[in-house]
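Written out below as structure tokens is the structure these notes cover.
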Amino acid sequence: MSSLLLSPEEKELLAGVAGSGVQRAMEIVVTLGRIYGAPDLTPISHAQIAGVSYKNLGDAGVAFLCEWANEGAHVRVPTTLNPAGMELERWQEMGFSPDFAQPQIAAVQAFSRMGVQTTMSCTPYLFPDYAPQRGQHLAWAESSAVVWANSVAGAYTNREGGPSALAAAIVGRTARYGYHLPANRQATHVVEVNCPLRTIADFGALSYIVGKQVGDGVPYFADLATWLPPLPDEITQGGEAGDRLKSLGAGLAAYGAVALYHIADYTPEAIDAGEALIRPHAHRIVIDSLHPAYEIMDADAATTEIDLVTIGCPHASLSEIRRVAERLQGQHLSTRLWITTAQITRTRAEAAGWVQIIARAGGEVVADTCAVVAPVRSLGIKRMATNAGKMACYAPMHSGVQMRFGDLDQCINAALRGYWSAPAPHSAPNPHSGAPV
Ligand code: F3S
């Protein structure tokens, strides 16, 4: 372990001057700093906490949080919360049991007592008040959001664990190592893509191929900007480019352990530094087809009946909700459809009338949760379909469901018919122009 330089104030926090809750947080931050050889701690602007669902926390996790809150710990920086295991307002209506709901509510209340904003979303970067800024140091735990913050926003964060992100929020600092240091933000792999990328699902399939090969490295996409419209200045609406990048980053973090990527002439550090960002002897990956990824991600090809179609992983943006509403106008679904999103986004979508259109068709815009962190098997859901790469990876693993993976049209068709039947999108002749699906 290296020697970690602490300021006089940090030494006092570690000694317990500010109480046992803060001392516990400081111990976690300092221990991580020593393990990873950090020279010192750095102030953070914002924290994002993952590991919120009772499904993951269990009774021991809830007790740990309540104890920390009872010790008087309180966050010092704006801090947001990942999705919980259920929608907080409508859990009874949605069929969640009180045995699950009560400890889940206790966990959220413990976070709230510590001053955490109960935003219950994995996309804090879409919130007007929390969108990360270039050069800010953060302590974010949600892996898909970490990729966005580092890559798209040009902020600095490691992939924190749930407790370490909370600890960093309580002391307002994190250990300065990993992606907080410019030297670790250089690309380890150069990726060339020689096939069209037309849909959000295509970006998920790309994330599978790259994530599997890169692991925890840093990919530099040499030509991906071709398939991306410019990012709007106001990203909180989502938009075509944002929705594609949201899917790409989440999949890279799920199929690999990527926390940062660069896109030539597109993402902020690549715009500034260009190929100087690429390490000497970086590996080269050439992708000629997404077909192998679709074959693996669309894992249960024998499954045709679908219990739940789920859109919004990471949580759906306004533009994704609008696209679903446009396709469902005047239609009637044959199976359950969840568009999972943040409460704040649902409120904005309600104001636009899109939530009501989806509800009239028989679908639900579900806030606060998703089909990975919710106990979907207890709701009778065994067979799912999605257009999201991360959902295709995690739901079979964490929820034990069978999964079909395809583009938005395939998913909507499955929800309308109750069974999966459309051809795989990679085989459809379609230039990359047109609306994302
Ligand atoms: Fe978010 Fe759930 Fe996907 S937390 S990134 S919607 S698995």
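No experiment lies behind these values; they were computed from the predicted model shown. Every number for a ligand or one of its atoms is a count from 1 in the order of the listing.
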Going by the angle between their ring planes, with limits at 30° and 60°, are F221 and Y261 parallel, tilted or perpendicular?
-> perpendicular

Hey, what do you get for CG (L138) to CD (Q133), rounding to the nearest 0.5 Å?
-> 10.0 Å

At what distance, to the nearest 0.5 angstrom, does CH2 of W354 lie from CD of E320?
-> 12.0 Å

Short question: side chain of T267, backbone of I263 - any donor-acceptor pair under 3.5 Å?
-> yes

Determine, stepwise, if the pair F100 / Y54 fulfils ring-ring contact (aromatic ring centres under 6.0 Å, His included).
-> CA-CA 7 Å; F100 185 86; Y54 175 58; 5.5 Å; yes

Near atom 1 (Fe) of ligand 1, which protein N/O/S atoms fall under 2.8 Å?
-> C122 SG

ring-ring contact (aromatic ring centres under 6.0 Å, His included) evaluation trace for Y156 with H137 | CA-CA 5 Å; Y156 302 145; H137 291 270; 4.9 Å; yes

